[in-house]
Amino acid sequence: MSARSIDIYLTTEDLPSLDNRVRVDGDRIIIDWTPTNLAPHHELVRRVTRAVRKSGYPLIFTQRMGIETNSHMCGTAAAGHDPGSSVLDPMCRSHDIDNLWVADSSFFPSSAALNPALTIGANALRIAPALAKATKS
């Protein structure tokens with residue numbers, strides 16, 4: 001069966017939610033997560049299933065991944081001007097800790113269902129001058 005099969009990984013964006021977060025409780029890291037944007041994902045699976053069947057593959061097996069496959073997590077450190085509703089300023093600097101800058105994907109509002117690696121690099125280049133200036137003073 002595997003000699004005549006294909007593997008397709010479908011991904012859709014998990015939209016931001018203030019209820020989804022990473023917390024620390026003592027020595028435990030806790031992830032509060034409820035999937036979002038499920039209707040578009042189900043529609044994508046339905047359409048691809050139909051196309052794959054039409055292509056001659058009569059058996060379709062699907063498996064929805066959960067939080068354990070969180071390969072492109074984004075948006076865990078909200079950014080904004082207001083320290084009351086965000087942990088980072090628009091330049092990815094912590095509101096509370098002067099020498100803490102965040103240059104990973106936690107700054108992004110969402111992933112757009114794509115690998116964020118190049119955007120992480122671009123954002124690091126964007127904030128580098130501000131970080132360098134801040135460390136000189």
Side-chain angles (χ1 to χ4, degrees):
M1 185 169 145
S2 64
R4 291 181 168 75
S5 66
I6 59 173
D7 184 25
I8 301 174
Y9 183 84
L10 301 175
T11 184
T12 50
E13 185 170 21
D14 197 22
L15 298 173
S17 168
L18 291 176
D19 295 328
N20 291 345
R21 60 186 62 237
V22 178
R23 301 182 284 122
V24 177
D25 182 18
D27 60 348
R28 296 179 20 206
I29 297 173
I30 300 169
I31 299 174
D32 297 322
W33 177 65
T34 301
T36 63
N37 206 32
L38 291 175
H41 182 75
H42 294 307
E43 178 63 16
L44 176 64
V45 170
R46 188 183 69 73
R47 288 180 185 199
V48 170
T49 296
R50 185 181 329 134
V52 169
R53 274 209 178 96
K54 225 175 178 180
S55 299
Y57 293 90
L59 302 175
I60 309 292
F61 303 98
T62 63
Q63 178 180 354
R64 192 176 157 281
M65 304 298 182
I67 192 66
E68 67 278 358
T69 55
N70 58 3
S71 58
H72 298 304
M73 293 293 279
C74 297
T76 55
H81 295 285
D82 179 12
S85 61
S86 60
V87 296
L88 302 174
D89 72 12
M91 292 306 291
C92 299
R93 188 176 192 171
S94 168
H95 289 299
D96 297 331
I97 303 169
D98 285 340
N99 63 346
L100 176 63
W101 297 70
V102 177
D104 66 2
S105 63
S106 60
F107 166 77
F108 303 161
S110 64
S111 72
L114 300 169
N115 185 325
L118 292 176
T119 310
I120 292 168
N123 188 51
L125 292 171
R126 179 186 74 87
I127 68 170
L131 193 152
K133 183 179 177 184
T135 57
K136 287 181 184 177
S137 42

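Below, all heavy atoms of this structure are taken into account, side chains as well, without hydrogens, waters or symmetry copies.
With values rounded to the nearest 0.5 angstrom, T135 atom OG1 is found 12.5 Å from D98 atom CG. Atoms CZ and CD1, from R21 and I31 in turn, are 13.0 Å apart once rounded to the nearest 0.5 Å. Distance check: R23 CZ to I29 CD1 gives 12.0 Å after rounding to the nearest 0.5 Å. To the nearest 0.5 angstrom, L10 atom CG is 10.5 Å from M65 atom CE. Here the OG1 atom belonging to T36 is positioned 11.0 Å from the CG atom belonging to D19, to the nearest 0.5 angstrom. Here the OG1 atom belonging to T49 is positioned 14.0 Å from the OH atom belonging to Y57, to the nearest 0.5 angstrom.
Residue S86 comes nearest to A78 through the heavy atom pair CB-O, 3.4 Å, listed as atom of the first residue, atom of the second, then distance. Across every non-hydrogen atom of A134 and W101, the tightest pair is CB-CZ2, 3.7 Å. Looking at every heavy atom in both residues, F107 comes nearest to P90 through CZ-O, 3.7 Å.
The backbone N or O of G80 lies less than 3.5 Å from a partner atom in the side chain of H95, making a donor-acceptor pair. Side chain of N37 to backbone of L15: no donor-acceptor contact under 3.5 angstrom is found.
The closest side-chain heavy-atom distance from C92 to N123 is below 4.5 Å. Side-chain atoms of R46 and E43, non-hydrogen and from C-beta on, do get closer than 4.5 Å to each other. Between R126 and M91 there is a side-chain heavy-atom pair separated by less than 4.5 Å. Residues P35 and R64 are in side-chain contact: their nearest non-hydrogen atoms beyond the backbone lie under 4.5 Å apart.
Linking ILVMFWY side-chain heavy atoms closer than 4.5 Å, directly or via other members, places W33 and L38 in two distinct hydrophobic clusters. V87 and L100 end up in different hydrophobic clusters when Ile, Leu, Val, Met, Phe, Trp and Tyr side chains are linked at under 4.5 Å. No path of Ile, Leu, Val, Met, Phe, Trp and Tyr side chains, each step under 4.5 Å between heavy atoms, connects V22 with I30, placing them in separate hydrophobic clusters. Under a hydrophobic-cluster definition in which Ile, Leu, Val, Met, Phe, Trp and Tyr are linked whenever side-chain heavy atoms come within less than 4.5 Å, directly or via other members, I6 and L59 are assigned to different clusters.
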Handout entry: Verdict with reasoning, F108 to I120, per side-chain contact (heavy atoms from CB on, under 4.5 Å)
Key = CA-CA 9 Å; F108 303 161; I120 292 168; 3.8 Å; yes

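Under 3.5 Å, the side chains of D96 and S94 contain no donor-acceptor pair of N or O atoms.
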